Amino acid sequence: MAKVGQRPWKIPGQRAKRKAWGFTVQIVEDGKRKQKRVYKAEWTRDDAEQALAAELLKIEQEPKPKTDGLTLAQAAERYLAIKARKRSLRDDTRLMAQLKQFFGEDTPLAKITPSRIADYKAKRLATVRKIGEAERPLAAGTVNRALALLRHLFRLAHEEWEVLESVPRIRLEKEPQGRLRWITPEEAKRLLAACRQSRTAGLADLVEFSLFTGLRQSEALGLTWDRVDRARGVILLEVTKSSKRREVPLNVEADAVLARRGPKDTGLVFSSANWDCFRTAWENAVKRAKLTDFHWHDLRHTFASWAVQRGATLQEVKELLGHSSLAMVLRYAHLSPEHHRSAVARLDGALAGTVPAEPASRLAQGSTQEPAELVGVSQKSL
């Protein structure tokens, strides 16, 4: 605020008062806002305006106090706004709240140093949570999710928002190899029999369809009839975890499930897209089948394991599962019956100087031929 005006002015030695010209301007002093008033009896309006202009120029030329830039709360709000369409936005919101609680909402990003981040990681790794009656430390993957989010936030602030001079180095904790649980055809037969005993309609069809397509739970439950093309022998997935369109081929068993449930023009292939409608029946069926440590996602692992065991290449499995890289399917490589044999066969005749025969394994050859049905698993093999 800055203005020119008049105010009463008492003349020394006299009782009379007259108006004096001057100005009022708002300044910041010691971090506090104050009003500076300068009025002189001898000034005219022009004098006051010139004095105000000089004062404003002086204020403008004064060095501005340095600010620490964007706070963690402001950065989090900006991040969540631009990620509004992200599928895992709820998880990001929860992790952001956790980070703000530890580092402080009003903490500038520039003040979150590598040492403070290392302290955060150490305390999270030492955190113990109670699961049932047992107490377990937080998994490395749980700690890494928050660290990865914080690292991404820093990169946005540095590279796109240009409010951070540099990105602090964040070391993620080493994670153990992912869990791999799959069942044999004999165990699958027991599981399907247990599912058919359930009162929940469609459970057995849902399990069998997932077992022979490798679909994720959300993909199977959300499948609608307009995405089914039995004439071509495929289903089209529009919304996947990787946000990429994907065609999944149908083998005999998967197509038989669709034949039993349809054909229909619209609606869900299975009775509900809500997993809670199947959860209890599924858990009871797993118990009746006497399968230990077996979860729904393990149907997907079983599909991939059977495919590799019957000669599918890693590239084929990658495409069938809809993974973005081969790294996600390398866990299945050891299941190929010729995996190690074909590798050592390359050394045959090394001392004799002869060229070894082509390895028999399609996995080692990286064959581009079409995979067998299922890939090669039939109802009879169950």
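In this text the structure is predicted, and so the values were computed from the model without any measurement. Heads up: numbering here begins at 1 and tracks the sequence.
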(request) State whether the number of non-hydrogen atoms from other residues, nucleotides or ligands found under 6.0 Å of Glu165 atom CD is greater than 12. (result) no
(request) Hey, could you give me each pair passing ring-ring contact (aromatic ring centres under 6.0 Å, His included) that has a residue in residues 311-330? Not counting sequence neighbours. (result) none
(request) Enter the distance from Leu95:CG to Leu147:CG here, rounded to the nearest 0.5 Å. (result) 10.0 Å
(request) Provide the closest heavy-atom pair for Gln309 versus Trp182 in the form atom of the first, atom of the second, distance. (result) NE2-CH2, 3.0 Å
(request) Step through the shown structure and confirm whether more than 12 heavy atoms of other residues, nucleotides or ligands are within 6.0 Å of CD on Gln315. (result) yes
(message) Taking side-chain hydrogen bond (donor to acceptor under 3.5 Å, both in side chains) as the definition, give me every residue that meets it alongside Gln74, ordered by chain and number, with sequence neighbours left out.
(response) Thr71
(request) Applying side chain to side chain contact (heavy atoms under 4.5 Å, CB included) between Ser210 and each of Leu221, Leu299, Thr302, report the one that passes. (result) Leu299
All N/O donor-acceptor pairs, side-chain side in residues 79-86, below 3.5 Å, sequence neighbours left out:
unit_1, atom_1, unit_2, atom_2, d
Tyr79, OH, Asp92, OD2, 3.1
Lys83, NZ, His152, NE2, 3.4
Lys86, NZ, Asp92, OD2, 2.7

(request) Enter the distance from Leu258:CG to Asp229:CG here, rounded to the nearest 0.5 Å. (result) 11.0 Å
(request) Hey, could you give me each pair passing salt bridge (Lys or Arg N to Asp or Glu O under 4.0 Å) that has a residue in residues 134-157? Not counting sequence neighbours. (result) Arg145-Glu175
(request) Verify the neighbour count for atom CZ of Arg260: are there more than 12 heavy atoms of other residues, nucleotides or ligands below 6.0 Å? (result) yes
(message) Distance check, rounded to the nearest 0.5 Å: Asp106 atom CG versus Leu72 atom CG?
(response) 9.5 Å
Donor-acceptor contacts, no H, no angles, side chain residues 49-57, under 3.5 Å, sequence neighbours left out:
unit_1, atom_1, unit_2, atom_2, d
Glu49, OE2, Arg45, NE, 3.3
Glu55, OE1, Lys36, NZ, 3.4
Glu55, OE2, Lys36, NZ, 3.1

(message) Run the side chain to side chain contact (heavy atoms under 4.5 Å, CB included) test against Glu160 and tell me which residues pass, sequence neighbours left out.
(response) Leu156
(message) If you define the side chain from C-beta out and look only at heavy atoms, does anything of Arg190 sit under 4.5 Å from Ile183?
(response) no
(request) Could you verify whether a donor N or O on one side chain and an acceptor N or O on the other, from Thr44 and Asp46, lie under 3.5 Å apart? (result) no
(message) Could you measure the distance from the CH2 atom of Trp21 to the CD atom of Gln6? Nearest 0.5 Å is fine.
(response) 4.0 Å
(request) For the residue pair Arg37 and Arg7, establish whether any side-chain heavy-atom pair is separated by less than 4.5 Å. (result) yes
(request) Mind checking side chain to side chain contact (heavy atoms under 4.5 Å, CB included) for Asp255 and listing every partner two or more places apart, or none if nothing turns up? (result) Arg230, Leu250
(message) Give me the atom names and distance for the closest heavy-atom approach of Lys100 to Ala73.
(response) CD-CA, 3.9 Å
(message) I need the minimum non-hydrogen distance between Arg196 and Ala204, along with the two atoms involved.
(response) CG-CB, 3.7 Å
Just list the side-chain donor-acceptor pairs under 3.5 Å for residues 267-291, sequence neighbours left out, or say none.
unit_1, atom_1, unit_2, atom_2, d
Ser272, OG, Asn274, N, 3.0
Asn274, OD1, Asp276, N, 3.0
Asp276, OD1, Arg279, NE, 3.4
Asp276, OD1, Arg279, NH2, 3.1
Asn284, ND2, Thr280, O, 3.3
Arg288, NH2, Ala194, O, 2.8

(request) Nearest 0.5 Å please: distance from the CG atom of Leu180 over to the OG atom of Ser305. (result) 5.0 Å
(request) Could you note down all residue pairs passing salt bridge (Lys or Arg N to Asp or Glu O under 4.0 Å) where residues 119-128 supplies at least one of them, sequence neighbours left out? (result) Asp119-Lys123, Lys121-Glu173
(request) Identify the heavy atoms of Trp43 and Gly22 that sit nearest to each other, and give their distance. (result) CE3-CA, 3.9 Å
(request) Check whether any side-chain heavy atom of Leu70 lies under 4.5 Å from a side-chain heavy atom of Leu164, and answer yes or no. (result) no
(message) Please determine whether residues Val25 and Val38 belong to a single hydrophobic cluster, defined as Ile, Leu, Val, Met, Phe, Trp and Tyr linked transitively by side-chain heavy-atom distances below 4.5 Å.
(response) yes
(request) Can you see which heavy atom on Leu321 is nearest to which on Gly214, and at what distance? (result) CD2-O, 4.0 Å
(message) Quick check for you: to the nearest 0.5 Å, what is the distance between Asp265 atom CG and Trp225 atom CH2?
(response) 10.0 Å
(request) Output all residues satisfying side chain to side chain contact (heavy atoms under 4.5 Å, CB included) with Ala118, sequence neighbours left out; order by chain, then residue number. (result) none
(request) Please name the pair of heavy atoms, one in Ala304 and one in Val317, separated by the smallest distance, quoted to 0.1 Å. (result) CB-CG1, 4.0 Å
(request) With sequence neighbours excluded, tell me which residues meet side chain to side chain contact (heavy atoms under 4.5 Å, CB included) with Ala201. (result) none
(request) Please list all pairs passing the ring-ring contact (aromatic ring centres under 6.0 Å, His included) test where one or both residues lie in residues 85-118, with sequence neighbours left out. (result) Phe102-Tyr120, Phe103-Tyr120
(message) Would you say that Leu237 contacts Arg246 through its side chain, given a criterion of any heavy-atom pair below 4.5 Å between the two side chains?
(response) yes
